Amino acid sequence: MIQTIIEQLERHRRFLVASHAHPDGDAIGSLLAMGLALKAMGKEVLMYNESPIPAVYRFLPLVHTIRHKIDPAADFDAAIVLDCGDVERLGTATADLERIQLVINIDHHVTNTGFGHLQLIDHDACATAEIVHRLIEKLPVAIDVAMATAIYTGILTDTGSFRFSNTNQSAFAICAKMIGQGTNAYEVAQHVYGTYSLGRIKLLNLALDSLEISPNGRLSVMTLTRRMLRETRTHDEDIDGIINYARRIQCVKVAALIHEQSSNGSASKGRRHFHVSLRSDGSVDVAQIATQFGGGGHASAAGFSAESSLAELKAELMRLAEGIADKCDPN
Ligand code: 5GP
Ligand code: MN
């Protein structure tokens with residue numbers, strides 16, 4: 001399949017390269033690396049993400065060349081969709097794909113729906129950036145410092161700094177190579193993990209305060225509402241990573257973070273829009289749980305969206321604990 005994709009990349013001229021809305025480090029890193037590689041091949045490229053770039057990733061070289069709008073009159077020969085388990089994760093651009101003849105789906109989620117005309121999906125890849133690196137290596141381009149830093153950041157963040165269960169040999173091998181291409185590991189770490197706004201720390205405080213543990217000690221739930229974000233003057237991107245505190249508690253096998261979405265007025269009375277992030281210690285497949293709720297992800301990190309009342313959603317999540325192992329005291 002990789003060979004077919006390479007032929008298609010060489011043959012076509014105008015590309016739309018896009019990754020999932022509310023991007024994380026892998027969505028931005030793989031988008032930049034793929035887009036810049038195609039530009040280096042002399043292609044016309046629109047790098048697209050629906051959402052603003054989170055502040056911690058704005059240091060990435062050429063990140064400002066990512067666009068947030070697609071001209072409805074623009075013509076593309078092919079689209080490359082990165083790090084999306086399903087095509088709806090793109091956001092409004094899902095509709096733009098309909099007028100593009102060739103859609104290439106590059107991803108590492110176990111729940112990937114196989115959308116598009118060509119797929120390059122590897123569940124064992126630590127990040128989409130690993131697959132993008134594999135592809136770029138076979139293209140007639142040299143990996144420059146901008147591509148290298150993008151790939152490095154994608155792998156660093158998707159493996160939780162080489163701590164999550166997806167951390168594989170390639171994660172280290174590719175990152176070592178990217179440092180050889182000029183990526184400054186300390187600088188990346190400083191930007192991604194080194195500096196938080198005061199509001200973000202206060203938001204963490206509210207999140208910790210919202211912690212609830214199931215009666216058997218196996219499931220933890222945190223809740224972040226629009227009001228908490230307003231009070232701390234923070235944004236959705238500031239929530240990134242907070243769920244790890246809920247997961248680290250001893251005994252806990254599944255951690256959930258309920259994140260209220262900004263209202264677009266479409267929720268019916270008494271119901272609100274939420275995104276639920278799920279993490280597990282590896283013993284419970286949260287991708288399977290998320291799929292039951294219409295979402296997806298990986299075995300140990302997944303998510304879904306829900307329209308519900310907060311109390312109902314929490315009760316539903318708490319009920320999941322009943323299916324998990326024996327009682328344990330987290331204190
Ligand atoms: P997060 O909790 O950080 O938003 O996402 C964890 C993992 O689950 C990511 O790999 C993400 O792509 C996936 N994920 C989160 N929400 C959804 C969703 O609504 N649908 C699908 N298919 N995947 C999701
Ligand atoms: Mn990813």
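Numbering of residues begins at 1 and proceeds along the displayed sequence. In this text, all values refer to a predicted model and were calculated from it rather than measured experimentally. Every number for a ligand or one of its atoms is a count from 1 in the order of the listing.
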* To do: Could you go through the side chain to side chain donor-acceptor pair (under 3.5 Å) check for Ser300 and Ser165 one step at a time?
  => CA-CA 8 Å; Ser300 52; Ser165 56; 3.3 Å; yes
* Derivation of the salt bridge (Lys or Arg N to Asp or Glu O under 4.0 Å) call for Arg13 and Glu44 -> CA-CA 6 Å; Arg13 191 168 59 83; Glu44 247 176 65; 2.9 Å; yes
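How far OH of Tyr48 is from CG of Leu16: 8.5 Å, rounded to the nearest 0.5 Å.
Counting heavy atoms closer than 4.0 Å to ligand 1, residue His298 contributes side-chain atoms (C-beta onward) but none from N, CA, C or O. At a heavy-atom cutoff of 4.0 Å, ligand 1 is contacted by the side chain of Arg89 but not by its backbone.
A salt bridge does not link Arg99 to Asp75: none of the charged side-chain nitrogens sits closer than 4.0 Å to a carboxylate oxygen.
Of the protein's non-hydrogen atoms, the one nearest atom 10 (O) of ligand 1 is His109 NE2, 2.7 Å. In this structure, atom 19 (O) of ligand 1 lies nearest to the protein heavy atom Phe304 CA, 3.6 Å. Closest to atom 7 (C) of ligand 1 among all protein heavy atoms lies Ala301 O, 3.4 Å. Protein heavy atom at the shortest distance from atom 8 (O) of ligand 1 is Ala302 CA, 3.2 Å. Of the protein's non-hydrogen atoms, the one nearest atom 18 (C) of ligand 1 is Gly303 O, 3.5 Å. For atom 21 (C) of ligand 1, the closest heavy atom belonging to the protein is Gly296 N, 3.3 Å.
Across every non-hydrogen atom of Pro23 and Ser51, the tightest pair is CD-CB, 3.7 Å. Taking each heavy atom of Ala321 and Leu219 in turn, the nearest pair found is CB-CB, 3.7 Å.
Below 3.5 Å of separation, one finds no N or O of Gly294 facing any N or O of ligand 1. Residue-to-ligand polar distances place Asp86 within reach of ligand 1: an N/O pair is separated by less than 3.5 Å. Inclusion of His275 in the set of residues having an N or O under 3.5 Å from an N or O of ligand 1 is warranted.
Environment of NZ in Lys39: crowded, with over 12 heavy atoms of neighbouring residues, nucleotides or ligands closer than 6.0 Å.
At least one heavy atom of Arg279 sits closer than 4.0 Å to an atom of ligand 1. The closest approach between any non-hydrogen atom of Gly297 and ligand 1 is below 4.0 Å.
Within the 4.5 Å cutoff, the side chain of Asp158 has no heavy atoms near those of the Phe164 side chain.
Only protein N, O or S atoms were considered, and those under 2.8 Å from the Mn ion (ligand 2) are Asp26 OD2, Asp83 OD1, His108 NE2, Asp158 OD2.
With ligand atoms numbered from 1 in the order given, ligand 1 contributes 1 (P), 2 (O), 4 (O) to contacts under 4.0 Å with heavy atoms of Ser277.
No side-chain donor from either of Tyr57 and Thr153 sits under 3.5 Å from a side-chain acceptor of the other.
Judged as a salt bridge (Lys or Arg N to Asp or Glu O under 4.0 Å), the pairs with a partner in residues 116-143 (not counting sequence neighbours) are, in order, Asp122-Arg134, Glu130-Arg134, Glu137-Lys177. Annotation: ring-ring contact (aromatic ring centres under 6.0 Å, His included) contacts involving residues 80-120, sequence neighbours excluded, comprise His108-His298, His109-His298.
Partners of Arg272 under the salt bridge (Lys or Arg N to Asp or Glu O under 4.0 Å) rule, at least two apart in sequence or in another chain, are Glu260.
The backbone N or O of Val284 lies less than 3.5 Å from a partner atom in the side chain of Ser280, making a donor-acceptor pair.
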